[in-house]
There are 2 protein chains.
Amino acid sequence: MKKAATGSASTQRAPTVCDIAAGAGVSRATVSLVLRESPLVHADTRARVQAELKKQNYVYNRGAANLRRRTSNAIALVINDLANPFFAEFATGVDEALGERGYVTLLGNTGESPQRQQAVLASLMEHTPAGLILSPAEHSDAAQLRSVLGPHLPVLVFNRKIEGGNWDFLALDNQHGAELATAHLIERGHRRIAFYGGHADSSSCRQRRAGFEKAMRAAGLHARKEWMIETKPSRIDSAASTPALFQGKHHPTAAVCYNDAVALGLMLGLVARSLRPGRDFALTGFDDIPEAALASPPLTTIATQPRERGRQAAELLLAQLGAAHTRFRQTTASAQLQVRASTPPPTCT
Amino acid sequence: MKKAATGSASTQRAPTVCDIAAGAGVSRATVSLVLRESPLVHADTRARVQAELKKQNYVYNRGAANLRRRTSNAIALVINDLANPFFAEFATGVDEALGERGYVTLLGNTGESPQRQQAVLASLMEHTPAGLILSPAEHSDAAQLRSVLGPHLPVLVFNRKIEGGNWDFLALDNQHGAELATAHLIERGHRRIAFYGGHADSSSCRQRRAGFEKAMRAAGLHARKEWMIETKPSRIDSAASTPALFQGKHHPTAAVCYNDAVALGLMLGLVARSLRPGRDFALTGFDDIPEAALASPPLTTIATQPRERGRQAAELLLAQLGAAHTRFRQTTASAQLQVRASTPPPTCT
DNA sequence: AAGAGTATTTAGATCGATCTAATTTCCGCG
DNA sequence: CGCGGAAATTAGATCGATCTAAATACTCTT
């Protein structure tokens, strides 16, 4: 009510616990207790302090609090390619789940550059985050990472395993996913099936190939070397590499693609050869990005639910914060087959 | 080299200026000066301190520094829909530009909810960011925002003007963009053109409609009320609303769509009616999201270069930090017409 | 009405880096 | 050799909230 007091506080600088304490006629300590909702303070006092907080439009200063508390409510989230819808969805899920639990997201994007990743992490570490969710850039080095992160920071690695890094890891079930896709094609009657796209030296590609081979073996089929084709995991390169599928005497009638981007590229490449995807040739993707459902024909794919993975990553990390960390653990998120029109039976047997 | 010293520091807790000072035989103040690259300290001393910093693997504590300095290097970035590739690209651009200038991004996502926006902003404000880049949720309230943000925080609003908010504003040239798209269709020979999609009460939709009407008027054509169709700005709802275009006696031969998502949805809706987009019906989008180029047919659209806008937003905000803020200013980013195959001339006139 | 026991409040030190206002060191020159 | 002034360094207070340990205020009980 007293204009002078309110006025001077709001125009000068942000009010502090001191100002509130003075206004409410209590000590700083009491104000601090109210802020942290301690049951120690008397209901009447609490009410008086809270009224004063509102009156002075107080905003809590986490930085100051963290200094003494030695723990913060910020979680660093470092993404290898934020512009990729898959990771944007993942980031959305992380931020959503963290926000619900009262945490704040410190964002960094590395654009697949390990150098930039080091720089970004170093910068974020200065803000003493309580933990880190890292979707690592390709060819990340465990030793380098450990040197920026220090030995104590709770870390959850997503998507790509880091060789020699003992951090908790949330994996997509690449192998099982590819197995499902392959089995689906086999069930539809395909016998000559290729595995198309991806870098064979990336762990996710190796795992998907393994799933493919396992399903083929289980059906008594042979996974031919010349039908294991590498491409960059991009639409463009995938489209350009299409001819590699049709070089020998026999051609495959279907392909399990490394991911949706590759599958969509392959569709373009097929069209360019006057083959109609979903008619003359069957193919599956991986990820279930939004476009997959809208391609023509709609793409049969493996759904990984990136937003859900983001939420899961956040929860795994927060769980790690609570408990004393024992051993590092790996979680594998299951993937589901999403059948659409791109996987008809073969036309000629 | 002395294992005991190094060991005890690294296993106990993070080293502070004190530890470095002790190790290098100087005072905390000197270490602090070295950290801030002050020219006051002697070259030899600087070298000695820096060696010690490296030796103890020191990491700067921004929180502590900010407390005294009353300024931080964190910028809050709050996005209305991070899962949308347009905003994901925007966020990528912001983070990129901020990172280059030594700033760190505090991320928040609101999912178009003004309530969540208030909560997210309140939470981020506790970290005393140096500024805010806000892509506001629909129906954001200026007064509410001002109450969370306080009167002094440098703010840059992106994309949606907030009624009654005196903040710097980076706008897309919605009107001119829509004008370009419309003029392009007219130039191709279309006369019966619809404006399809978006919420008529959103400012960006109003502006795009205004551009559409302006171009129509300029060509002596009439923008029919019944061909101004509202949909949610999503693919699904757009596809479902397609029949609205074909109700009267006369049908449009082309549509200027609110954005790419709407245009891609409309394509689906057309196909469902056995109309071939890019053959029997011409349509344009807005945004030039990556999918636009890969749709079939590839979509003629208005390119807004979201990543570039992100960089621009970051630079505008940082400029505002430097100078004493005078008046609030509006910047309008130009948009370019990107012609692709979705806009043929009309089949029957 | 005093004492035990609980409930509530608080003074003062503390977190880690920075700022202010010195103090100390260094140098050249008379 | 000592003095002035620049260069380099530093002790101690400070930022805002929290913690510790102790003081003060209640409530019963007898």
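First the proteins, then the strands, lettered A, B, ... as listed; each starts at 1.
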(request) Send over the distance from B/D44 CG to C/dC26 P, rounded to a whole Å. (result) 12 Å
(request) Using whole Å, report how far CG of B/L40 lies from P of C/dA21. (result) 15 Å
(message) Is A/T30 close enough to C/dT10 that one of its side-chain N or O atoms is under 4.0 Å from OP1 or OP2 there?
(response) yes
(message) Does any part of the side chain of A/V34, heavy atoms only, come nearer than 4.5 Å to the side chain of A/I20, both counted from C-beta?
(response) no
(request) Would you indicate what A/A65 reaches in the nucleic acid, counting non-hydrogen atoms under 4.0 angstrom: base, sugar-phosphate, or nothing? (result) sugar-phosphate
(message) To the nearest 0.5 Å, what is the distance between CG on A/L33 and CG on A/L40?
(response) 6.0 Å
(message) Going 5' to 3' along DNA chain D, between which two nucleotides do contacts with chain B fall, using a heavy-atom cut-off of 4.0 Å?
(response) D/dA8 to D/dG16
Show every donor-acceptor pair shorter than 3.5 Å between a side-chain atom in residues 87-100 of chain A and any protein atom, with sequence neighbours excluded, or say none if there are none.
from: A/E89; atom 1: OE1; to: A/R307; atom 2: NE; distance (Å): 3.1
from: A/T92; atom 1: OG1; to: A/A88; atom 2: O; distance (Å): 2.7
from: A/D95; atom 1: OD1; to: A/T105; atom 2: OG1; distance (Å): 2.7
from: A/D95; atom 1: OD2; to: B/N109; atom 2: N; distance (Å): 3.1
from: A/E96; atom 1: OE1; to: A/R311; atom 2: NH1; distance (Å): 2.6
from: A/E96; atom 1: OE2; to: A/R307; atom 2: NH1; distance (Å): 3.4
from: A/E100; atom 1: OE1; to: A/R311; atom 2: NH2; distance (Å): 2.8
from: A/E100; atom 1: OE2; to: A/R311; atom 2: NH1; distance (Å): 3.4
from: A/E100; atom 1: OE2; to: A/R311; atom 2: NH2; distance (Å): 3.2

(message) Is it the case that the side chains of B/S27 and B/T30 hold a donor-acceptor pair, with the cut-off being a distance below 3.5 Å and no angle test?
(response) yes
(message) Is a donor from one side chain sitting under 3.5 angstrom from an acceptor on the other, for A/Q312 and A/T331?
(response) no
(message) So for the helix from C/dA1-D/dT30 to C/dG30-D/dC1, with five pairs setting each end axis, what is the inter-axis angle to 10°?
(response) 60°
(message) Just verifying a value: how many Å separate A/N66 CG and B/H127 NE2, rounded to the nearest 0.5 Å?
(response) 7.0 Å
(message) Could you tell me if the side chain of B/N84 sits less than 4.5 Å from the side chain of B/I79, heavy atoms only?
(response) no
(request) Without swapping roles, check the side chain of B/R46 against the backbone of B/S38 for a donor-acceptor pair under 3.5 Å. (result) yes
(message) With no hydrogens and no angle check, just 3.5 Å: does a side-chain donor-acceptor pair link A/D168 and A/Q320?
(response) yes
(message) Please classify the nucleic acid contact of A/V31 as base, sugar-phosphate, or nothing, using heavy-atom distances under 4.0 Å.
(response) nothing
(request) Map B/R48 and A/R62 onto DNA chain D by nearest heavy atom, then report which one ends up closer to the 5' terminus. (result) B/R48
(request) For B/V41 and for B/L67, locate the closest nucleotide of DNA chain D by heavy-atom distance; then report the residue assigned to the nucleotide nearer the 5' terminus. (result) B/V41
(message) If you assign each of A/R28 and B/R36 to its closest nucleotide in DNA chain C, which residue comes earlier from the 5' end?
(response) A/R28
